[in-house]
Amino acid sequence: MFGWSELIPALPEILVLSMACVVLMAGLFTDKNKGGFLVFLSAITMVFAIILTVKDHVATAEFSQELLFNDTFIRDGFGDMLKIVVYLLMIGVFFYAKQYLRQQNNMKGEYFALLLFATLGIMVMISGYNFIALYLGLELLALCSYALVAYNRNDIHGNEAAMKYFILGALASGMLLYGMSLIYGAVGTLQINEISQAIAGQDNDMFLIVGLIFVIVGIAFKLGAAPFHMWVPDVYEGAPTATTLFIASAPKIAAFALAVRILGQSLDVLAIHWQSMLATLAIVSIVVGNIFALQQTNLKRLFAYSTISHIGFMLLGLVGGPDGVAAAMFYIIVYTIMAIGGFGMIVLLSSKGFEADKISDFKGLNQRNGWYAFMMLLLVGSMAGFPPLIGFFSKLYVLKAVVDQGFIYLAVIAVIFAVIGAFYYLRIIKVMYFEESDTDQAIDIGFDVKTVLSINALAQLGLLVILPALFSYCIMVTKTL
């Protein structure tokens, strides 16, 4: 039995669970394609979740750790900061999804219920303090994601993508669970804080090393790191764009938290082993992501390979010691904001029966609407790491952390391929500003979606105002781990 004292810190999770059920029921009584009320319910859930998450920190002005539910769940500054970012991302996802589903004449209540259940899975992954709790959160997120990818059951490409995602996801989950079982067999506990103490002095145990390898394979798949990236381009292209922008954003935050909880907290004694593995994954991801993205004409596949390269940069941060973890945290936050906006632009230009997922669909966008072209310029410029946009500083912090740890060769390789990768972003800008549009059709979107998209894009500049404070905040919460 758990008392109220344990339930109160978990109120954000309880709220999201309750509202997911409410939205699911409300969808039964909502006319098709009149889902504005469902979007409102989903968005207001995130707003109240933010309030419930930050109220304790505002009251105490400090970051305290609370272990709940037999030490399987933790409330700390690291988790709360990531959750707040997830809530804000999900508000954007809800509005983009509304625009997209209305365009495709396929708005249903269960879509937003699945998004809320997936959000709950993300929250459990962020706050899980036990291997089983982490795995339950992971599977809740995964099952919802499979259903979201196959949401349009009449789309053969979506069904194919969902099947690939399900098969490879099940394989990766099995590897992660097997790795956890080996670690449990070696130390006799599933508690994150107890594992670190138990493996002290036996860091060369073969069971631990093999278990570590399987765990990293599972985490690499969930992040979409090369060479475990095979599902990323196919799923990004085949899924409805509303689903793609979700998969490309909030779940990456959860996978990052999973990596930090397992590697940084429970297996920190084995850092000498997993740092070399992550460094290899990082470089392979940066190389593969940027090289393959050069060949793409489909924008969703291009962003998919771009995601792989960005994940490589984030993994570099995890190699860079304590400051590197903060840099990786800052990087994944900035990346998800960029990613959701990039796919939001595809939603913007799409219409009924047509998805603007080709680079050629952005031809002459500046002639059709200069404001939208400028927003896309900010987003892809930040992805490329062009100064003075926020994406430049996220890369800079990661590279500095890596160099400070003495891995200069890793930083050099990352910079070289980042410069190579700038080419495919410049190609998008060229198409928008220097080629003639194939259509003069007006771009018709609601004021709410236009506002969300504008805030999303302008954040690439606006976040510079709070850049030092935001990065200092990342440093502060990672030091409490």
Return yes if some donor-acceptor pair links the side-chain N/O of [X] with the main-chain N/O of [Y] below 3.5 Å, else return no.
{"X": "T336", "Y": "I332", "answer": "yes"}
{"X": "N130", "Y": "I132", "answer": "yes"}
{"X": "S350", "Y": "A356", "answer": "yes"}
{"X": "K300", "Y": "A239", "answer": "yes"}
{"X": "T244", "Y": "Y236", "answer": "yes"}
{"X": "Q296", "Y": "F292", "answer": "yes"}
{"X": "W231", "Y": "A161", "answer": "no"}

[X] and [Y]: side chain donor to acceptor below 3.5 Å:
{"X": "S173", "Y": "E139", "answer": "yes"}
{"X": "N290", "Y": "Y424", "answer": "yes"}
{"X": "D268", "Y": "S196", "answer": "yes"}
{"X": "Y87", "Y": "T119", "answer": "no"}

Inset, instruction - For P233, check side chain to side chain contact (heavy atoms under 4.5 Å, CB included) against everything at least two apart and list the hits. - result: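 Checked P233 against side chain to side chain contact (heavy atoms under 4.5 Å, CB included); matches are R301, A304, Y305.
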Please examine the side chains of [Y] and [X], heavy atoms only from C-beta on, and report whether any two atoms are closer than 4.5 Å.
{"X": "I337", "Y": "Q460", "value": "yes"}
{"X": "L461", "Y": "I390", "value": "no"}
{"X": "Y335", "Y": "S394", "value": "no"}
{"X": "L115", "Y": "M90", "value": "yes"}

Legend entry - Presence of salt bridge, E13 and K83, under 4.0 angstrom: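 Between E13 and K83 there is a salt bridge, with a charged N closer than 4.0 Å to a carboxylate O.
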Legend entry - Basic-acidic side-chain contact under 4.0 Å: D76, R261: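 Answer for the salt bridge query: yes.
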Taking atom [atom1] as the centre, does [X] end up with more than 12 heavy-atom neighbours from other residues, nucleotides or ligands that are less than 6.0 angstrom away?
{"X": "M277", "atom1": "CE", "answer": "yes"}
{"X": "F392", "atom1": "CZ", "answer": "yes"}
{"X": "F386", "atom1": "CZ", "answer": "yes"}

Legend entry - Ring-face cation of K395 near Y331 (centre distance under 6.0 Å, axis angle within 45°):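 Ring-cation test returns no.
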Inset, instruction - Test I126 against every option in L82, V85, L134, V260 by the side-chain contact (heavy atoms from CB on, under 4.5 Å) rule and name the one that passes. - result: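 Among the candidates, only L82 passes.
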Indicate, with yes or no, if the rings of [X] and [Y] have centres closer together than 6.0 Å.
{"X": "Y96", "Y": "F343", "value": "no"}
{"X": "Y146", "Y": "F166", "value": "yes"}
{"X": "F471", "Y": "Y397", "value": "yes"}

